[in-house]
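Only heavy atoms go into these numbers, but all of them, side chains included; no hydrogens, no water, no symmetry mates.
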Amino acid sequence: MDTPILPSTLLLTLLLSVGLFFFIRASTKDRTEIAHLVSEQGEAAFMSQLKEYFQSRSYRVAAVDREQNQVTFEGNVRPSWFLAIFLTLLAATGIVCLSLVVYLIFPSLSSLFLAMVLLSPLTGVFYWKKSGRLEKVSLKLETTQSEQTFSSKVTVVAHRDELTQLRKTLQLKPSE
């Protein structure tokens, strides 16, 4: 191989390693969002439906504020086995690639870098410990009245995946 190719390959591999590091770190990031959703049901029926939905998803009522018409649900979020294994394999692949490039440039250091592959399961452990957490969902319900119909508007503070599932399951529309 040509000499200028090896340093540039090392630089690109290091940049990819930095990207992989931030990807692994972002896998545990909290993605809480606020959504304003509307249902055509009345307040009592809609609140009952919301309570039933969250109980079916293994949430429990943590707090009720009747003055502000707000309910907070709590539930444990379990980490994904698939993602833990996937991140471990990604880390192992990244370390092997870095080891191969280091081997081409510095043959004496290659065994040190290749031994770092044994550290890749720590990626799965990192994900598993950071992802398993207590998740809170906050609902604030308001009744709106137009000319002939009543509708319920709910402000939900939850993880974005939970919001997506809630919209799909209960067929809620975004508020204007």
Side-chain angles (χ1 to χ4, degrees), residues 8-38 47 49-65 68 70-103 109-141 153-175:
S8 64
T9 304
L10 178 63
L11 177 66
L12 290 174
T13 306
L14 288 173
L15 288 175
L16 288 171
S17 298
V18 169
L20 177 61
F21 171 78
F22 284 108
F23 178 77
I24 291 168
R25 203 175 86 187
S27 68
T28 62
K29 183 180 176 189
D30 184 32
R31 289 170 171 70
T32 302
E33 293 181 359
I34 298 173
H36 304 282
L37 306 170
V38 176
M47 186 52 108
Q49 189 179 19
L50 285 170
K51 184 178 178 184
E52 183 181 307
Y53 167 79
F54 282 109
Q55 285 178 342
S56 73
R57 306 253 314 151
S58 298
Y59 284 88
R60 63 177 179 77
V61 177
V64 177
D65 186 354
Q68 294 184 3
Q70 188 169 348
V71 179
T72 303
F73 292 93
E74 286 182 345
N76 286 324
V77 175
R78 293 185 322 184
S80 164
W81 276 104
F82 171 78
L83 195 53
I85 292 168
F86 179 68
L87 290 173
T88 300
L89 290 175
L90 276 179
T93 303
I95 293 170
V96 166
C97 291
L98 183 61
S99 297
L100 289 173
V101 174
V102 169
Y103 170 73
L109 294 177
S110 66
S111 59
L112 173 70
F113 275 91
L114 201 51
M116 287 177 47
V117 171
L118 299 174
L119 298 176
S120 63
L122 292 177
T123 304
V125 172
F126 168 78
Y127 165 76
W128 197 263
K129 289 193 184 236
K130 294 282 186 170
S131 290
R133 62 181 173 270
L134 187 68
E135 191 78 36
K136 290 188 178 191
V137 176
S138 178
L139 305 170
K140 184 173 182 179
L141 193 61
K153 177 183 174 187
V154 65
T155 302
V156 184
V157 179
H159 190 277
R160 71 178 178 193
D161 295 338
E162 192 65 53
L163 289 173
T164 303
Q165 189 65 33
L166 177 66
R167 277 189 211 122
K168 276 200 248 181
T169 304
L170 300 183
Q171 299 171 354
L172 302 174
K173 299 175 191 112
S175 176

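- Of all heavy-atom pairs between S138 and Q70, the closest is OG-NE2, 2.9 Å.
- Residues L37 and L166 are in side-chain contact: their nearest non-hydrogen atoms beyond the backbone lie under 4.5 Å apart.
- Note that the CD atom of E162 and the OH atom of Y53 stand 4.0 Å from one another [nearest 0.5 Å].
- Put simply, CG on L172 and CZ on R167 are 8.5 Å apart, with the number rounded to the nearest 0.5 Å.
- Expressed to the nearest 0.5 Å, how far OG of S80 lies from CH2 of W128 amounts to 7.5 Å.
- Ring geometry, Y59 versus F54: the interplanar angle exceeds 60°, so the pair is classed perpendicular (tilted spans 30 to 60°).
- Side-chain contact between T28 and F126: present, with at least one pair of heavy atoms (C-beta onward) separated by less than 4.5 Å.
- Judged by distance alone, with hydrogens and angles left aside, the side-chain atoms of R78 form no donor-acceptor pair with the main-chain N or O of N76 at under 3.5 Å.
- In this structure, the side chain of T123 does not engage the main chain of L87 through any donor-acceptor pair within 3.5 Å.
- For the pair R57/T169, no side-chain contact is recorded, criterion being any heavy-atom separation below 4.5 Å from C-beta on.
- Legend: residues meeting side chain to side chain donor-acceptor pair (under 3.5 Å) with E52, ordered by chain and number and at least two apart, are absent.
- The shortest non-hydrogen separation linking S120 to T88 is O-CG2, 3.6 Å.
- One finds the OG atom of S17 at 10.5 Å from the CG atom of L12 (value rounded to the nearest 0.5 Å).
- Side-chain contact between D65 and T72 is absent, with no heavy atoms from C-beta onward closer than 4.5 Å.
- The shortest distance between side-chain heavy atoms of F23 and L90 falls below 4.5 Å.
- The shortest heavy-atom contact between Y127 and S27 is CD1-OG, 3.6 Å.
- A salt bridge between R133 and E135 is present, with a side-chain N of the basic residue lying under 4.0 Å from a carboxylate O of the acidic one.
- Expressed to the nearest 0.5 Å, how far CZ of R160 lies from CZ of R31 amounts to 5.0 Å.
- Pairing each heavy atom of V101 with each of L10, the nearest pair is CG1-CA, 3.5 Å.
- Counting all heavy atoms, side chain and backbone alike, G94 lies closest to L20 at CA-CD2, 4.1 Å.
- I95 contributes atom CD1, which lies 12.0 Å from atom CG of L100 (distance to the nearest 0.5 angstrom).
- In this structure, I34 places its CD1 atom where only 12 or fewer heavy-atom neighbours from other residues, nucleotides or ligands lie under 6.0 Å away.
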Please walk me through it: do M116 and L98 pass side-chain contact (heavy atoms from CB on, under 4.5 Å)?
-> CA-CA 10 Å; M116 287 177 47; L98 183 61; 5.6 Å; no

